[in-house]
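As the structure is a prediction and not an experimental result, all values here were calculated from the model. Order of appearance sets the numbers: ligands from 1, and atoms from 1 within every ligand.
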Amino acid sequence: MTLESQMIIIFGATGDLTRRKLLPALYHLERKQRLTACTPVICIGRKALSKQQFVEKLEIERFIPDGDTQVIQNLLNRIEYLQFDLEEGAPEDFKKSIDALQRQHSCTANKLIYLALPTTAFKQTASLIGTLESDAGWRRVVFEKPFGEDLESAKSLDANIRTVLHEEEIYRVDHYLGKELVQNILTLRFANEIFTGSWGKQAIDHVQITVAETLGVEKRAGYYDRSGAVRDMIQNHLLQLLSFVAMEPPTEEGTDGLRDEAAAVVNTLRELQTSDIVLGQYGSGLVQSETVPGYTDEEGVDDNSTTETYAAIRAFVDTDRWRDVPFYLRTGKRLKHRHADIKIVFRQRQHHIVGKDSKPNMIIIRIQPNEGMALAFNVQKPGEDDETTSVMMDFCHHCHFGPNTPEAYESILRNVMEGDHSMFPRRDWIEASWKYVDRLRAIADLPVRYSAGSDGPVEADDLIKRDGRVWLNEEPANEKITLASFG
Ligand code: BG6
């Protein structure tokens, strides 16, 4: 099904996000013939460049490897480069240029405006966006994170935005919500009766949510050193994952039902204590056979920086469903492996009729890599009626559906183009998450050291061991049954 005709306007088009994420996402929509003939892509940048020069900068072959030449050409035909200085340029001139492009492409007045810029640059674009309001078509504006850097700044940013936009025109991106396996948390929970009855404290012992990265700060020290893992990852991606796991089934239809329940989760998070938090900072070490410097030796990082590159917390959702079930969240840079997953660990049941060595059931949602889900359960060992062993039923997403799963940004763009807000955090969710994270930052001890290439600081192991549990770095299965093998 094709999407509505619309003009896509990208501010900050010469930046990395455009070439790495937005254009590849548009490429896939082009390939699937979802874009109408009247969907020009207007790329705005400050530099004086011809279209040809701009296109060269996009390094299409690098970011869309194995792209189909004809599809790439069709996409390039949609692109226009518009030079405009956000600080100096006059809003009337901007409007004139956009109107001219609209006529040139015989477009509708619908406009998808993507701010591929830090949200702090919003002020400079507000008056320009203001000129693009029109009764003849809709206007949708997409914001990238970080949405503020604490509760106060998030509120003031929001107040600024609302001087030119209505809530239904605003899309705040958390790219984790565009990931296929994150969206599948909801399907797993709400389309599978076998899990519905056991989703809560009566059956679930605890939940582990991990987003581990092998990368360091790369070239983003300027941003990262001010932000740190808590603001960069916990405030948004990890708390979103927690919200999806813990939310009540939305009763109201439409996007607000889902967003109401997500907000209710962060609003019922129990106040953290210092002992619930471990922050870390990487020292030098060996990551996947490469020796890497410690955080404070990275280019652009202050020698005395106390910014955390790792954070682990023990959170509680104070609702009837989850009271006293710990949610252990952790994320860090320069860890041993790159993986993002959620492990739902069930209570251990022993029954005299079966062997004593049964293990807790577990659902693993593998967000990346090896996207899929797995279920660990106990079976009898062959020929040993008093011994059990844990096996794994494993669903591999690409084995089953093939390699064409949309990347997060393709889903994000498609959702905006369809006017679907469900996978975009709402203002109340963002404010509640900042409130939680502001307290976290205020009471946390200074980061402890961990070696690059490790699983994180030992103090984070203690955080969970104290409760008699361990981080599950490896899957406990000793056997795999793939669903594909069932035909
Ligand atoms: C971003 C963070 O939001 O998410 C980065 O700013 C982080 O620091 C990235 O590396 C991780 O995203 P993904 O999709 O690679 O897991």
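Summarising the contacts of atom 15 (O) of ligand 1 with H339, E407, R338, K21, the nearest heavy atom is found in R338.
Of all the atoms in ligand 1, the ones that sit under 4.0 Å from a non-hydrogen atom of H237 are 1 (C), 3 (O), 4 (O). The atoms of ligand 1 that sit less than 4.0 Å from any heavy atom of K333 are 5 (C), 7 (C), 8 (O), 10 (O). Taking every non-hydrogen atom of K145 and a distance limit under 4.0 Å, the qualifying atoms of ligand 1 come out as 1 (C), 2 (C), 3 (O), 6 (O). Remark: ligand 1 atoms within the under-4.0 Å shell around heavy atoms of K179 are 13 (P), 14 (O), 16 (O). Within ligand 1, the atoms closer than 4.0 Å to a non-hydrogen atom of D232 are 2 (C), 5 (C), 6 (O), 8 (O), numbered from 1 in the order shown.
Closest protein heavy atom to atom 16 (O) of ligand 1: Y176 OH, 2.5 Å.
Of the listed residues (L112, L128, L82, L132), just one forms a side-chain contact (heavy atoms from CB on, under 4.5 Å) with I9, and that residue is L132.
In this structure, a donor-acceptor pair under 3.5 Å is present between the side chains of D150 and S153. Between Q208 and H206, the side chains place a donor N or O and an acceptor N or O closer than 3.5 Å (distance only, hydrogens not considered). Judged by distance alone, the side chains of Y310 and E459 never bring a donor and an acceptor atom under 3.5 Å apart.
Using a 4.0 Å cut-off between charged side-chain N and carboxylate O, K343 and D341 make a salt bridge. Comment: R78 engages E30 in a salt bridge, judged by a side-chain N to carboxylate O separation of less than 4.0 angstrom.
The proximity of Y224 to ligand 1, defined as any non-hydrogen pair under 4.0 Å, does not occur for either the backbone or the side chain.
The shortest N/O to N/O separation between E213 and ligand 1 falls below 3.5 Å. Here's the thing with H175: one of its N/O atoms is less than 3.5 angstrom from an N/O atom of ligand 1.
Under the 3.5 Å distance criterion, the side-chain polar atoms of Q281 are matched with a main-chain donor or acceptor of S305.
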